[in-house]
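Right, one structure below, let's go through it.
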Amino acid sequence: MISGPAREKVVPDSSLRPKDLEIMAIKQTANAHWEGSLVEGKGNVSLATSNSGSFDIDWKARAEEAGGKTSPEELIAAAHSACYSMALSHGLTGAGTPPTSIDTKAEVSFQAGVGITGIHLTVRANVPGLSQEDFVTAAEGAKANCPVSKALAAVENITLDAALV
């Protein structure tokens, strides 16, 4: 029996690995509870690892309007925007042009009966000494290599709008 967080050594893509850190795989956990049918039911999702909060979910929030509730797609957008920003920061720093700031918005499109139809990333960053062309190249590289982008590879339409501010 294992006690405490399960950890195993892995060797991730070296282009994303900070050279001064020992990389250990960790598990992050979220829990969902649902009651009732899809359309009339309701539930909640909680961020168990961080204990950062519990959020109400229902079909209307997913397929029509949020109404103060979240959805799986909003949670995917949060994960994608955070991971993308981190990957872009790491890539820029590794290339000798560390960013001052990066702001990323991820918009996940969902269509009932079809599923996730696309993700649009909008990134604005302040990177002293970097041309717009080189920034777009770095931004595209982060889109291709961020672990969440890779996990979402089944989404055929992931687009990017990248600009320096």
Side-chain angles (χ1 to χ4, degrees), residues 4-8 10 12-13 15-17 23-92 99-127 135-136 138-165:
R7 295 182 183 263
E8 55 187 274
V10 296
D13 179 350
S15 68
L16 295 178
R17 184 178 55 226
I23 304 300
M24 302 292 281
I26 64 168
K27 294 181 182 178
Q28 303 290 328
T29 304
N31 299 310
H33 174 76
W34 187 263
E35 296 175 0
S37 69
L38 174 62
V39 176
E40 289 86 24
K42 63 182 180 178
N44 64 57
V45 62
S46 61
L47 306 180
T49 303
S50 65
N51 199 27
S52 300
S54 179
F55 307 94
D56 291 333
I57 54 175
D58 66 18
W59 178 252
K60 186 174 181 176
R62 186 173 196 186
E64 297 174 28
E65 62 182 61
K69 298 176 181 156
T70 194
S71 68
E73 291 72 29
E74 183 179 34
L75 297 169
I76 288 169
H80 204 178
S81 63
C83 184
Y84 176 84
S85 293
M86 295 168 79
L88 180 56
S89 174
H90 182 63
L92 289 166
T100 302
S101 65
I102 297 173
D103 293 295
T104 304
K105 175 172 69 172
E107 295 173 292
V108 176
S109 299
F110 172 81
Q111 182 177 349
V114 177
I116 294 174
T117 58
I119 300 171
H120 182 69
L121 298 171
T122 302
V123 62
R124 299 295 182 260
N126 184 331
V127 188
F135 177 69
V136 170
E140 288 289 349
K143 180 181 145 232
N145 292 305
C146 112
V148 172
S149 289
K150 288 181 177 184
L152 295 171
V155 178
E156 293 182 21
N157 189 24
I158 300 178
T159 59
L160 174 66
D161 172 11
L164 293 169
V165 292

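Note that these values count all heavy atoms, side chains included, but never hydrogens, waters or copies made by symmetry. Along the sequence shown, residues are numbered consecutively beginning with 1.
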If we only count heavy atoms from C-beta on, is the Ile57 to Arg62 side-chain gap below 4.5 Å? no
Crowded around Glu156 CD? As in, over 12 foreign heavy atoms under 6.0 Å? no
State, yes or no, whether a side-chain contact exists between Ser50 and Gln28 at a heavy-atom distance under 4.5 Å. no
Just wondering, do Lys105 and Ser81 contact through their side chains at under 4.5 Å, heavy atoms? no
How about Asp58 and Glu40: do any of their side-chain heavy atoms sit closer than 4.5 Å? no
Atom pair CG/CD of Leu88 and Glu140 - distance to nearest 0.5 Å: 11.0 Å
Could you report the tightest heavy-atom contact between Ala162 and Phe135, atom names first, then the distance? CB-CE2, 3.8 Å
Mind checking whether Val123 and Leu160 have side chains closer than 4.5 Å, heavy atoms only? yes
OG1 of Thr122 to CG of Asp103: how many Å apart, nearest 0.5 Å? 11.0 Å
With side chain to side chain contact (heavy atoms under 4.5 Å, CB included) as the criterion, how do Val108 and His80 come out once you've worked through the C-alpha distance, each side chain's angles and the decisive distance to 0.1 Å? CA-CA 9 Å; Val108 176; His80 204 178; 5.9 Å; no
Within the side chain of Tyr84, is there an N or O that forms a donor-acceptor pair under 3.5 Å with the backbone of Ala139? yes
Pairwise distance CG(Asp56) to OG1(Thr70) - rounded to 0.5 angstrom: 10.0 Å
With rounding to the nearest 0.5 Å, note down the distance linking OG in Ser71 to CH2 in Trp59. 10.5 Å
Is there a side-chain contact between Phe55 and Lys69 (heavy atoms, below 4.5 Å)? no
Are Glu73 and Ile116 side-chain neighbours, meaning at least one heavy-atom pair lies under 4.5 Å? yes
Return the minimal non-hydrogen interatomic distance between Ser89 and Pro99, and the atom names on each side. OG-CG, 3.8 Å
With side chains defined as the heavy atoms from C-beta onward, is the minimum distance between Met86 and Cys146 less than 4.5 Å? no
OG1 of Thr104 to CZ of Arg124, rounded to nearest 0.5 Å, is 10.0 Å
Report the C-alpha distance between Leu164 and Val127 in whole Å, list the side-chain angles of each, state the deciding distance to 0.1 Å, and finish with yes or no for side chain to side chain contact (heavy atoms under 4.5 Å, CB included). CA-CA 7 Å; Leu164 293 169; Val127 188; 3.9 Å; yes
Closest approach of Gly118 and Val155, non-hydrogen atoms and distance? CA-CG1, 3.8 Å
CZ of Phe110 to CD of Glu74: how many Å apart, nearest 0.5 Å? 14.0 Å
